[in-house]
Number of protein chains: 2
Amino acid sequence: MSEATAKQGPDTRARILDAAEVLFMTHGFEATSMRMITGQAGVNLAAVNYHFGSKDALIQEVFRRRLTELNRDRLAALEAEEAVAGGAPLKPSKIVAAFFGVSLKMTADTTHGGATFMRLLGRTYTEPNEFVRQFLAEEYAEVVQRFMDALYRALPDVPREEILWRFHFMMGAMSYAIAGTDALKLFAGDFDDEDPTRLMPRLMSFLLGGLRAPLPEEVIESRTIRRDAA
Amino acid sequence: MSEATAKQGPDTRARILDAAEVLFMTHGFEATSMRMITGQAGVNLAAVNYHFGSKDALIQEVFRRRLTELNRDRLAALEAEEAVAGGAPLKPSKIVAAFFGVSLKMTADTTHGGATFMRLLGRTYTEPNEFVRQFLAEEYAEVVQRFMDALYRALPDVPREEILWRFHFMMGAMSYAIAGTDALKLFAGDFDDEDPTRLMPRLMSFLLGGLRAPLPEEVIESRTIRRDAA
DNA sequence: GTATGATTCAAACGAACGTTTGAACAGGAT
DNA sequence: ATCCTGTTCAAACGTTCGTTTGAATCATAC
């Protein structure tokens with residue numbers, strides 16, 4: 001390994017990662033066996049442990065190779081907006097568009113498997129597996145902090161806790177929108193599949209509407225939604 | 001002889017269901033073994049297959065016993081509103097409150113395990129397992145249809161497809177809000193723990209804001225939009 | 001050519017999985 | 001006491017899991 005970089009085999013690594021990405025999305029981590037992965041990738045069973053060390057390490061690598069790029073693009077989009085603003089606080093819509101627009105752009109990318117990964121990622125936000133969630137949290141720590149700070153500055157009069165909640169809600173709506181297209185079909189069988197290009201404006205309208213909604217009156221005084229069914 | 005194994009008094013069935021509910025929520029379906037379930041429940045390994053037939057049947061029963069009640073309450077809440085309206089279309093806020101308010105009421109129920117189940121349910125909306133999703137779709141078919149019809153009548157000028165999407169987004173925000181509290185903590189370590197009573201008004205404001213947001217321009221091009229407000 | 005290190009391969013490993021078995025135990029009703 | 005029915009129990013079933021092994025193959029430098 002003199003000057004050669006991490007370039008290893010011909011394309012065994014990449015084929016394993018691509019196969020695993022699809023299978024993890026379709027069946028989940030636990031239900032996807034090494035034999036399924038290596039079978040679909042057309043490589044030997046031992047190849048995964050040789051190239052990645054273990055199944056868990058393979059899972060991490062599946063996420064890392066995409067998340068690195070995704071979060072880099074997110075930060076770039078945010079910094080581009082900040083450069084335009086020149087020190088002034090950004091408009092919330094710009095911040096939201098920077099974060100979620102990058103996500104949806106990858107969702108629309110069908111040629112490089114980005115769409116598959118985004119669906120996998122959406123499912124993984126609620127993944128029970130502890131080490132997967134721990135890994136995701138580390139990967140997200142910086143970018144989330146940066147966006148939250150931008151939102152704090154953009155909405156100085158809104159309690160930070162409230163902004164945190166709404167960001168949480170927005171993440172949920174996006175994850176579900178991307179990952180749960182099948183679930184949507186289950187709700188309404190007569191539903192023609194859509195290209196993610198049309199999902200983007202729909203989701204963005206919804207997210208901004210939720211973000212700008214009036215604060216709950218609970219801030220002033222506890223109030224319960226009237227739902228008396230007698 | 002060494003230890004007096006606490007002779008279990010109450011129902012073995014219920015003990016298995018309660019243990020399985022917690023373990024499924026913590027580890028997921030595939031990662032939760034029969035031995036974990038029976039061990040936590042304090043029953044024999046064979047008890048699950050004796051009482052439920054199989055692990056899959058146990059999963060279904062875990063959901064069925066709670067979903068039956070949940071969806072019954074949802075329909076009751078909707079019908080109560082419809083009775084008050086007396087034939088007139090309901091306001092969207094009432095419909096949303098009927099559907100999601102019941103969910104959050106169960107989330108706030110800590111004494112009967114309802115909160116545990118709601119977190120499990122939130123995670124399961126994006127569950128890859130095919131038979132689980134099929135089962136969920138059947139359980140939800142009627143109640144979703146009823147609520148969608150109510151929304152169609154409440155918003156006659158909004159394209160049905162658009163309402164479907166926004167309902168989808170709302171489901172995502174709620175599921176994530178309930179199931180992903182840990183994820184929220186990962187984003188912001190300094191976060192005082194959740195009190196579902198306070199989650200309710202927060203989420204409701206967000207959902208209604210998203211539901212009433214202006215439609216994306218792409219849709220507006222072809223249709224005139226009227227904004228109904230509550 | 002041969003040597004050397006990286007990669008692939010078939011085969012096997014022990015562990016854990018869901019499920020099944022047949023005996024043991026319980027408590028009424030006859 | 002006996003039978004019956006429902007339930008619990010320890011043990012084992014066959015399968016599949018992730019991982020490991022050691023030899024075969026390939027590529028490149030000597």
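Order of the sequence lines fixes the chain letters, A, B, ..., with proteins taken first and strands second; residue numbering starts at 1 for each chain.
For A:Glu61, the side chain to side chain donor-acceptor pair (under 3.5 Å) partners two or more places apart in sequence, or in a different chain, are A:Arg64. Taking the side chain to side chain donor-acceptor pair (under 3.5 Å) definition, one finds that A:Thr32 meets it with nothing, sequence neighbours left out. Considering only residues two or more places apart in sequence or on other chains, A:Phe147 meets the ring-ring contact (aromatic ring centres under 6.0 Å, His included) condition with A:Phe99. Under the rule for a side chain to side chain donor-acceptor pair (under 3.5 Å), the partners of B:Glu21 that lie at least two apart in sequence or sit in another chain are B:Arg66. In terms of the salt bridge (Lys or Arg N to Asp or Glu O under 4.0 Å) criterion, B:Arg72 has no residue partners (sequence neighbours excluded).
Contact annotation: A:Asn44 reaches the phosphate of C:dA10 (side-chain N/O to OP1 or OP2, under 4.0 Å). When the side-chain nitrogen and oxygen atoms of B:Thr12 are compared with OP1 and OP2 of D:dT8, one or more of them lie within a distance under 4.0 Å. Under 4.0 angstrom from either OP1 or OP2 of D:dT8 there lies at least one side-chain N or O belonging to B:His51.
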Tabulated below should be each protein N or O lying under 3.5 Å from an N or O of nucleotides 16-19 of chain C; please produce it.
unit_1	atom_1	unit_2	atom_2	d
C:dC17	OP1	B:Ser33	OG	3.4
C:dG18	OP1	B:Lys55	NZ	2.7
C:dG18	OP2	B:Met34	N	2.8
C:dG18	N7	B:Arg35	NH1	2.9
C:dG18	O6	B:Arg35	NH2	3.0
C:dT19	OP2	B:Lys55	N	2.8

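Nucleotide D:dT8 holds its C1' atom 11 Å from the CD1 atom of B:Ile16, rounded to whole Å. For the pair B:Phe52 CZ and D:dT7 C1', the computed distance is 14 Å after rounding to whole Å. As a whole-Å value, the separation of B:Arg13 CZ from D:dT8 P is 11 Å.
Between B:Phe167 and B:Phe100, the angle of the ring planes lies from 30° to 60°, which puts this pair in the tilted group.
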